[in-house]
Asker: 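Here it is: the structure, laid out below.
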Amino acid sequence: MPNKIVCGGKTFIDDHIQSLQLHLASGLRFSQLEADTITATVKSGDRAITRFLRNTPIYYYYREEERFRGYLQSVDRIGPNTYTLSATSAIGLLMERAHAGGIYTGQTAETVIRQIVGSLPLVIKNSIQDQKLYGWLPYTKPPDSSARDNLVQVLFALGAGLKTGLDGVLQVVPLWGTPSGVIDWDHIEENAKVQYRGAVSSVAVTEHHYMVGGDEETLFEGDALNGDIITFSEPMYNLTATGFRILESNANYAKLSAGSGMLKGNKYIHNTRQITRTVTTGVPENVQSVEGSTLVSLVNSAAVADRLADYYKHTETIECGVVLGRQSPGDVLDFYHPYDKTNGPACVESLDITVSGILMADVKALVGYIPKQVEQTVTYDQHQLITSSRTVTLPDGVTSVRAVLIGGGTGGTGGAKGSNGTAGANSSNTGGGSWEIKPSTGQAGRGGSGGGAGSGGVGGKVATFEITGESIKTLTITIGSGGAGGAANGGGGSAGRATTLKVNGVTYSSDSGSSTSGYQDLVTGIIYGNKGGSGLSGARGGDGSTPWGTPDNYQTEFQGSSGSSAGSNRGGAGGYGGYYGSGVNVAACCGGGGGGGAAYNAAGLSGGAAGGRTGGTGGTGAAGTKPTAATHPGRGGTGGNGGGGGGGGGGTYCAASHSASISTTGGGAGTGGNGGQGGNGAPGCVILYYGVPQKVKAGSPTDKNYRFFLDKFGRLLVV
């Protein structure tokens, strides 16, 4: 009884199994993930087999040893008592599952993978579990996409393979890097063929970087039912809702309560960088590109490119039938070449097994390909922030560094001067030949507007370099100083100095880059080299007062308006008015000046009081202050604060009779305060990302031709 199938409480053995095929595959490029499948034609007189439950476990045994565990997908009746059963491995179940995805900022591989596979049994190799992931996964939902698609992205970023154990458990493992078995000449059928693909000149891998700072967008507007899920085509942050509540969310979606309203959010800034590796020199250009793998970040892009280049170096594939032992896809075997008559390493890409009394398989194996181990590819999992000029010594063995150089920030622009107030108007009056009173009024002056705030200086230039060499040990770093703030009353700030790094006789400079919205450190999430903030505008000056009344009823408390406040700083108080009279033929009342407007960190001056036949002078606006220098590395200086506006001069009122004459003078205008100097930019910094090569774990030793050593009993030697 070599063959047995168990499914849904039914057992099929030998003659009840008319045919059985297994397809086992492995994505050696780490950019594909194919489900293993089993297709079996069985005989049964029990029609109950047609009333199966989808995803019922199905087991295949060869000589009482379990060789496949899957999940039943369909049953086709092809004869009176003949049925074809089709099943998939656990990978196939992922094709029916959704995954919310999101932005990842250093979550471990184990955390992300378990989120994707959910309740499916899973084992993750120790060397993979703690690797950190950065980037984005989209919201996937069948039939257009599925959790499997996001798992492919994770495996590609990690350089890991996915196998299904004989017990049906998914296994996330590195592909074994040494031969684990032999396919000798006497195991190969005669119908073998060898295929050759064209040589690839290079590979290009796109690295992705997501940072906050994008524009706000309306994501949904209208009516929502409770529990409605709104998905986004690109990642968003800072979600806000009006008219309904956000019940749950991440960068890809928001679940809403019932209501009618609007959902808004800010876009992430998505920066990309291309990493290239030469595969074959001297051949026509033929570039293999990977662009849409959004978990490829600066931490792992070099490792991904190295793995992909190593795969495409091998162009020869053996396809042949073999007598199957315990081989599985992803295994490296000591493989007999049917035409070169030599043995050498080859990695199994797929197995198509036809079951009979013995297991025969059509094998595809990539000649010479030995998958790189986790320890053989360097990820930039080490991180340093350098903020002072000094020499940095890296650990032994470092041969590749990503250096982000950020220059000193530009100083902020000086704040603007406050506007002067306007003077109060003069007035005069001459009485008639009788006791008729002819009053005359001169209007008060208006307060000047506060000076505008200075704008923040741009951040230091950001330049990124991939530095490689046989040994990168000592780096001499000079941090660029920040630029000086602009002069008062609108002067522009000066640019910061360049940050430089010198290693192995080569000097790199931040001046090779440009000033942008800054650089967000992938590890900490902190943004460096961004634009400085604007200063604060000065406040408006107060208006002078205009008197009113009649000669018989003068109002002498004509106080000017106070200047406006700026933050906690108050504007100057308005000055008081006064009365002037001479006998019974002339009289005057003069208003007080308006108070000067405040500036940030300074109060406005008070308006002047009226004196005799003269209105009060407007108060002087407060002078704007210089902000403190920026301290966040590479940030531009803050703009200077605007000066307060000058107060308006007091107005006048006068009257005369019996041909008497009188004149009054309006109060003088208050002077606007000077704007403050711009703040100084911050010194720059250097961010270093690098990895330290690891010691390759023990395995089976091989000779220079990759043939492994056996002991005298023909057993593998493992050290």
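On a predicted model such as this, the values are computed, not experimentally measured, just so you know. When a residue number appears, it is its place in the shown sequence, counting from 1.
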Asker: Taking all heavy atoms of A346 and all of A365, pick out the closest pair and write down the distance.
Answerer: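 Shortest heavy-atom separation between A346 and A365 comes out as CB-CB, 3.9 Å.
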Asker: Would you say the side chain of V692 lies within less than 4.5 Å of the side chain of P395, judging by non-hydrogen atoms?
Answerer: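 Yes, close enough: below the 4.5 Å cut-off.
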Asker: Y139: what forms a ring-ring contact (aromatic ring centres under 6.0 Å, His included) with it, not counting sequence neighbours?
Answerer: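 Only Y253 meet the ring-ring contact (aromatic ring centres under 6.0 Å, His included) criterion with Y139.
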Asker: With heavy-atom distances below 4.5 Å as the criterion, would you say the side chains of L501 and V686 are in contact?
Answerer: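 Heavy-atom side-chain distance check passes, below 4.5 Å.
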Asker: If you measure from OG on S388 to CD1 on I477, what distance do you get to the nearest 0.5 Å?
Answerer: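 Rounded to the nearest 0.5 Å, the OG-CD1 separation comes out at 9.0 Å.
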Asker: Centroid separation under 6.0 Å, is that true for the rings of H209 and Y519?
Answerer: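 Y519 vs H209: aromatic centres under 6.0 Å.
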Asker: Any chance you could lay out the side-chain contact (heavy atoms from CB on, under 4.5 Å) test for R273 and N271, step after step, and finish with the verdict?
Answerer: CA-CA 7 Å; R273 175 186 175 92; N271 297 317; over 6 Å; no
Asker: Tell me, with the steps shown, if Y508 and F465 meet ring-ring contact (aromatic ring centres under 6.0 Å, His included).
Answerer: CA-CA 8 Å; Y508 303 88; F465 301 97; 5.0 Å; yes
Asker: Are side-chain heavy atoms of V290 and V296 found at a separation under 4.5 Å?
Answerer: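 No, every pair of side-chain atoms sits at 4.5 Å or beyond.
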Asker: Side chain of N150, backbone of A147: donor and acceptor closer than 3.5 Å?
Answerer: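 No, because the side chain of N150 does not come within donor-acceptor range (under 3.5 Å) of the backbone of A147.
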Asker: Applying the side chain to side chain contact (heavy atoms under 4.5 Å, CB included) criterion to L151, which one of I113, L137, V112 satisfies it?
Answerer: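 Of the listed residues I113, L137, V112, the side chain to side chain contact (heavy atoms under 4.5 Å, CB included) partner of L151 is I113.
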Asker: Among side-chain atoms of S512 and S509, is any donor-acceptor pair under 3.5 angstrom?
Answerer: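 Judged by distance alone, the side chains do not pair up.
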Asker: Please name the pair of heavy atoms, one in P345 and one in V332, separated by the smallest distance, quoted to 0.1 Å.
Answerer: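 Closest approach of P345 to V332, heavy atoms only: CB-CG1, 4.1 Å.
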Asker: Between P174 and K125, is any pair of side-chain heavy atoms under 4.5 Å apart?
Answerer: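 Counting from C-beta outward, P174 and K125 do come under 4.5 Å.
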Asker: Tell me if the NZ atom of K473 is crowded by more than 12 foreign heavy atoms within 6.0 Å.
Answerer: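 Buried by this count: over 12 neighbours within 6.0 Å.
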Asker: If you look at every heavy atom in N504 and S471, which pair is closest and at what distance?
Answerer: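 So the two residues come closest at ND2-O, 3.1 Å.
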Asker: Hey, are the side chains of L170 and I91 touching, using non-hydrogen atoms and a 4.5 Å cut-off?
Answerer: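 Yes - at least one pair of side-chain heavy atoms lies under 4.5 Å apart.
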Asker: Please check this pair: side chain of T379 against backbone of N300, looking for a donor-acceptor N/O pair closer than 3.5 Å.
Answerer: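 Looks like no, no N/O pair under 3.5 Å.
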Asker: What distance do Y336 atom OH and T342 atom OG1 have between them, rounded to the nearest 0.5 Å?
Answerer: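 Nearest 0.5 Å value for the OH-OG1 distance: 8.0 Å.
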Asker: I406 and G460: which non-hydrogen atoms are nearest, and at how many Å?
Answerer: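 For I406 versus G460, the nearest heavy atoms are CG2-O, 4.2 Å.
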Asker: Would K132 and D381 count as a salt bridge (Lys or Arg N to Asp or Glu O under 4.0 Å) if you check the C-alpha gap in whole Å, the side-chain angles of each, and the deciding distance to 0.1 Å?
Answerer: CA-CA 8 Å; K132 295 181 178 180; D381 54 358; over 6 Å; no
Asker: Looking at L366, is its backbone amide N or carbonyl O close enough to the side chain of H314 to form a donor-acceptor pair, meaning the two atoms are under 3.5 Å apart?
Answerer: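 A pair under 3.5 Å: no.
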Asker: Is a side-chain N or O of Q153 found less than 3.5 angstrom from the main chain of T294, in a donor-acceptor match?
Answerer: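 A pair under 3.5 Å: yes.
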Asker: Looking at R402, I'd like to know if its CZ atom is crowded, meaning that more than 12 non-hydrogen atoms belonging to other residues, nucleotides or ligands lie closer than 6.0 Å.
Answerer: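 Above 12, so yes.
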Asker: Give a yes or no answer on whether the side chain of Q520 reaches the backbone of G525 with a donor-acceptor pair at less than 3.5 Å.
Answerer: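 Yes, because the side chain of Q520 sits within donor-acceptor range (under 3.5 Å) of the backbone of G525.
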Asker: Run through V279, V287, T278 and flag the one making a side chain to side chain contact (heavy atoms under 4.5 Å, CB included) with V203.
Answerer: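 Answer after filtering V279, V287, T278: V279.
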Asker: To the nearest 0.5 Å, what is the distance between CD1 (I318) and CD (E349)?
Answerer: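 So the gap between those two atoms works out to 11.5 Å.
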Asker: Counting neighbours of CE on M95 that are heavy atoms of other residues, nucleotides or ligands and sit closer than 6.0 Å, is the number greater than 12?
Answerer: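 Not buried by this count: 12 neighbours or fewer within 6.0 Å.
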Asker: Looking only at atom types and distance, does a side-chain atom of Q107 sit under 3.5 Å from a main-chain N or O of T105, one as donor and one as acceptor?
Answerer: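 Yes; judged by distance alone, with no hydrogens or angles, the pair exists.
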Asker: Please assess Q171 against L122 for the test side-chain contact (heavy atoms from CB on, under 4.5 Å), listing each intermediate value before the final yes or no.
Answerer: CA-CA 6 Å; Q171 302 172 355; L122 174 72; over 6 Å; no
Asker: Could you tell me which residues satisfy salt bridge (charged side-chain N to carboxylate O under 4.0 Å, His left out) with E291, sequence neighbours excluded, listed by chain and number?
Answerer: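 Applying salt bridge (charged side-chain N to carboxylate O under 4.0 Å, His left out) to E291 gives none.
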Asker: May I have the step-by-step check of side-chain contact (heavy atoms from CB on, under 4.5 Å) for T387 and L385, ending in yes or no?
Answerer: CA-CA 7 Å; T387 58; L385 171 66; 3.9 Å; yes
Asker: Would you say the side-chain atoms of Y528 pair up with the backbone N or O of I687, donor to acceptor, closer than 3.5 Å?
Answerer: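 No, the answer is negative, given that no donor and acceptor are paired below the 3.5 Å cut-off.
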Asker: When rounded to the nearest 0.5 angstrom, what distance separates NZ in K461 from OG1 in T410?
Answerer: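 So the gap between those two atoms works out to 9.0 Å.
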Asker: Start with the C-alpha gap between R277 and S202, add the side-chain angles, then the distance that decides, and say whether side-chain contact (heavy atoms from CB on, under 4.5 Å) holds.
Answerer: CA-CA 6 Å; R277 293 290 187 269; S202 61; over 6 Å; no
Asker: Do the ring centers of Y690 and Y380 come within less than 6.0 Å of each other?
Answerer: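 No, they do not, as the ring centres are separated by 6.0 Å or more.
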Asker: Which heavy atom in H632 sits nearest to a heavy atom in A682, and how many Å separate them?
Answerer: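 Answer, listing the atom of H632 first, then A682: O-CB, 3.1 Å.
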Asker: Counting C-beta onward and ignoring hydrogens, is there a side-chain heavy-atom pair between Y104 and W136 closer than 4.5 Å?
Answerer: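 No. Closest side-chain heavy atoms not under 4.5 Å.
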Asker: CZ of R390 to CG of L475: how many Å apart, nearest 0.5 Å?
Answerer: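 CG of L475 is found 10.5 Å from CZ of R390.
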Asker: Classify the ring geometry of H270 against H208: parallel below 30°, tilted from 30° to 60°, perpendicular beyond 60°.
Answerer: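 The arrangement is parallel - the two ring planes meet at less than 30°.
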Asker: When you look at K163 and D36, which way does the salt bridge (Lys or Arg N to Asp or Glu O under 4.0 Å) test go after all the steps?
Answerer: CA-CA 9 Å; K163 293 188 175 185; D36 298 338; over 6 Å; no
Asker: How many angstroms lie between OG in S301 and CG in L295, if you round to the nearest 0.5 Å?
Answerer: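 The OG atom of S301 sits 12.5 Å away from the CG atom of L295.
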Asker: Looking just at side-chain N and O atoms, do D521 and H383 make a donor-acceptor pair shorter than 3.5 Å?
Answerer: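 A pair is found: one side chain offers a donor N or O, the other an acceptor, under 3.5 Å apart.
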Asker: Which residue in the set L158, T108, L155, V154 passes side chain to side chain contact (heavy atoms under 4.5 Å, CB included) when paired with I128?
Answerer: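 For I128, the side chain to side chain contact (heavy atoms under 4.5 Å, CB included) test succeeds with only one of L158, T108, L155, V154, which is L158.
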Asker: Is it the case that the side chain of T499 and the backbone of G480 share a donor-acceptor pair, with hydrogens and angles ignored and the cut-off at 3.5 Å?
Answerer: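 Looks like yes, one N/O pair under 3.5 Å.
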Asker: Going by heavy atoms in the side chains, are V523 and Y134 under 4.5 Å from each other?
Answerer: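 SC-SC contact between V523 and Y134 confirmed.
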Asker: Using the side chain to side chain contact (heavy atoms under 4.5 Å, CB included) definition, which of the options V117, T140, L94 pairs with R148?
Answerer: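 Testing R148 for a side chain to side chain contact (heavy atoms under 4.5 Å, CB included) against V117, T140, L94 leaves exactly one candidate, L94.
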Asker: Any side-chain heavy atom of T468 sitting closer than 4.5 Å to one from T399?
Answerer: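 Contact flag for T468/T399 side chains = no.
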Asker: Given 3.5 Å as the limit, does a donor-acceptor pair link the side chain of N252 with the main chain of H99, or not?
Answerer: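 Side chain of N252 to backbone of H99, a donor-acceptor pair under 3.5 Å: no, none is there.
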Asker: If you take all heavy atoms of S510 and L405, which pair is closest and at what distance?
Answerer: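 Smallest heavy-atom distance, with atoms named: CB-O, 3.6 Å.
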Asker: Checking side chain to side chain contact (heavy atoms under 4.5 Å, CB included) against S517, which of V212, N530, I269 comes through?
Answerer: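 The passing option is I269.
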Asker: For the residue pair T507 / T500, report whether a side-chain donor-acceptor contact shorter than 3.5 Å exists.
Answerer: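 There is no such pair (donor and acceptor under 3.5 Å, judged by atom type) between the side chains of T500 and T507.
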Asker: Using atom types as modelled and distance alone, determine if a side-chain donor or acceptor of R635 lies under 3.5 Å from a backbone N or O of I527.
Answerer: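 Such a contact is absent between R635 side chain and I527 backbone.
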